[in-house]
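Here the structure comes first, spelled out in structure tokens, and everything after it is commentary.
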There are 2 protein chains.
Amino acid sequence: MARTRHARLDCAPGCPVEGTLQMIDGKWKGVVLFHLLSGTMRFNELRRQLTNCTQRMLTRQLRELEADGLVHREVYPEVPPRVEYSLTARGRTLEPVLLALKAWGEDHVIAPEIPAGEVELTLVPG
Amino acid sequence: MARTRHARLDCAPGCPVEGTLQMIDGKWKGVVLFHLLSGTMRFNELRRQLTNCTQRMLTRQLRELEADGLVHREVYPEVPPRVEYSLTARGRTLEPVLLALKAWGEDHVIAPEIPAGEVELTLVPG
DNA sequence: CGGGATCCAGAGGGATACTG
DNA sequence: CAGTATCCCTCTGGATCCCG
């Protein structure tokens with residue numbers, strides 16, 4: 001979906017499910033957050049994980065996550081530039097949610113073009 | 001976001017996080033699934049829970065959930081018509097995910113009209 | 001390296017009216 | 001009651017080029 005960016009909680013005022021979904025809604029947010037669970041990552045490092053994510057999209061998703069207080073952006077005044085992304089304390093509280101998402105996916109999502117039987121167990125997302 | 005409806009796993013083939021998100025992506029899906037955790041519900045019954053969801057949208061979301069094998073639709077040949085929705089076995093496996101979403105929302109989602117991130121402290125003088 | 005600016009298509013979603 | 005059928009528009013997200 002595209003839930004209107006924090007326009008409001010459409011379900012009902014204060015609906016917790018809707019509210020949480022708004023945080024991880026955006027084509028790449030869930031996955032970005034998940035990867036950052038592993039630790040700090042540089043921009044391109046993160047990008048390499050998201051095979052089909054354009055540079056512009058990754059930037060935008062990261063900015064929104066930053067605005068939501070879930071991700072911290074650290075810019076190092078160097079040449080060439082270095083920017084590192086990490087989860088904030090608030091972002092880390094999403095860990096149970098992200099792990100639940102991952103666990104369900106591992107059990108129930110049928111992988112595309114990977115016929116059952118030769119299911120690969122490299123479950124590192126991204 | 002609007003992830004293209006199951007077009008593919010954009011993150012990476014088999015990415016479990018991305019895959020799970022695709023299931024509950026759609027403006028009302030997460031909330032619908034959550035409400036169905038409580039048990040079978042009729043169409044309008046469900047609709048009353050989703051304050052701002054139009055009839056058309058609810059129908060569409062339910063159809064997609066049905067197509068994904070998460071929701072069962074039972075039509076009773078009566079007049080007036082009666083249609084009941086319930087979670088399938090597969091749908092019920094999402095319970096941990098939905099509960100995680102709810103739990104986080106309860107703890108971290110700031111009530112509407114106070115968008116997270118731009119919390120303003122308008123100091124009333126005097 | 002890590003972006004920003006611009007242009008653009010189309011899917012997602014809203015409003016409204018009609019129906020078996 | 002539980003939907004279709006249209007119309008229309010917003011916003012997301014992709015492509016491309018440029019920048020310090």
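Quick note on labels: first sequence line is chain A, next is B, and so on, each numbered from 1.
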When rounded to whole Å, the CD to C1' distance for the pair A/Gln61 and C/dG2 reads 17 Å
Whether the side chain of B/Thr40 engages the backbone of B/Ser86 through a donor-acceptor N/O pair (distance < 3.5 Å, no angle test) should be reported. no
By nearest atom, which of the nucleotides D/dG3, D/dG13, D/dC1 is closest to the A/Lys27 side chain? D/dG13
Let's see if you can work this out: which of C/dG3, D/dG3, D/dC1 has an atom nearest to the side-chain heavy atoms of B/Tyr85? D/dG3
Separation of C/dT6 C1' from A/Met57 CE (nearest whole Å): 13 Å
Polar side-chain atom of A/Thr20 near backbone of B/Gly105 as donor-acceptor pair, under 3.5 Å: yes
Expressed as a whole number of angstroms, how long is the span from A/Glu74:CD to C/dC1:C1'? 16 Å
Rounded to the Å, how far apart are A/Glu45 CD and C/dC1 C1'? 13 Å
Donor-acceptor check, side chain of B/Gln61 to backbone of B/Trp28, threshold 3.5 angstrom: yes or no? yes
Could you name each residue pair satisfying salt bridge (charged side-chain N to carboxylate O under 4.0 Å, His left out) that touches residues 32-52 of chain B, not counting sequence neighbours? none
Taking any heavy-atom pair under 4.0 Å as a contact, classify B/Arg42: base, sugar-phosphate, or nothing. sugar-phosphate
Between atom CZ in B/Arg48 and atom P in D/dA2, what is the gap in whole Å? 9 Å
To the nearest 10 degrees, how far apart in direction are the end axes of the helix from C/dC1-D/dG20 to C/dG20-D/dC1, each fit to five base pairs? 60°
Less than 4.0 angstrom between a side-chain N/O of A/Arg60 and OP1 or OP2 of C/dA5, yes or no? no
Round to the nearest Å and state the distance from A/Met41 atom CE to C/dG2 atom P. 11 Å
Under 4.0 Å between a Lys/Arg side-chain N and an Asp/Glu carboxylate O for A/Glu106 and A/Lys102? yes
May I have the distance from B/Arg82 (atom CZ) to D/dG3 (atom P), rounded to whole angstrom? 13 Å
Side-chain N or O of A/Arg63 closer than 4.0 Å to phosphate OP1/OP2 of C/dG3: yes
Base contacts versus sugar-phosphate-only contacts with protein, heavy atoms under 4.0 Å: please encode nucleotides 15-20 of chain D as B, S and - from 5' to 3'. B----B
When rounded to whole Å, the CD to C1' distance for the pair A/Glu64 and D/dC11 reads 11 Å
pair B/Leu87-B/Leu70: side-chain heavy atoms closer than 4.5 Å: no
Spacing of CG belonging to A/Leu36 relative to CG belonging to A/Leu46, to within rounding of 0.5 Å: 5.5 Å
With the side chain of A/Phe43 defined as its heavy atoms from C-beta on, choose the nearest nucleotide among D/dA2, C/dG2, D/dG13. C/dG2
Taking A/Thr88 for the side chain and A/His72 for the main chain, is one N or O donor matched with an acceptor at less than 3.5 Å? no
Sub-3.5 Å donor-acceptor pair from the side chain of B/Arg90 to the main-chain atoms of B/Asp68, do we have one? yes
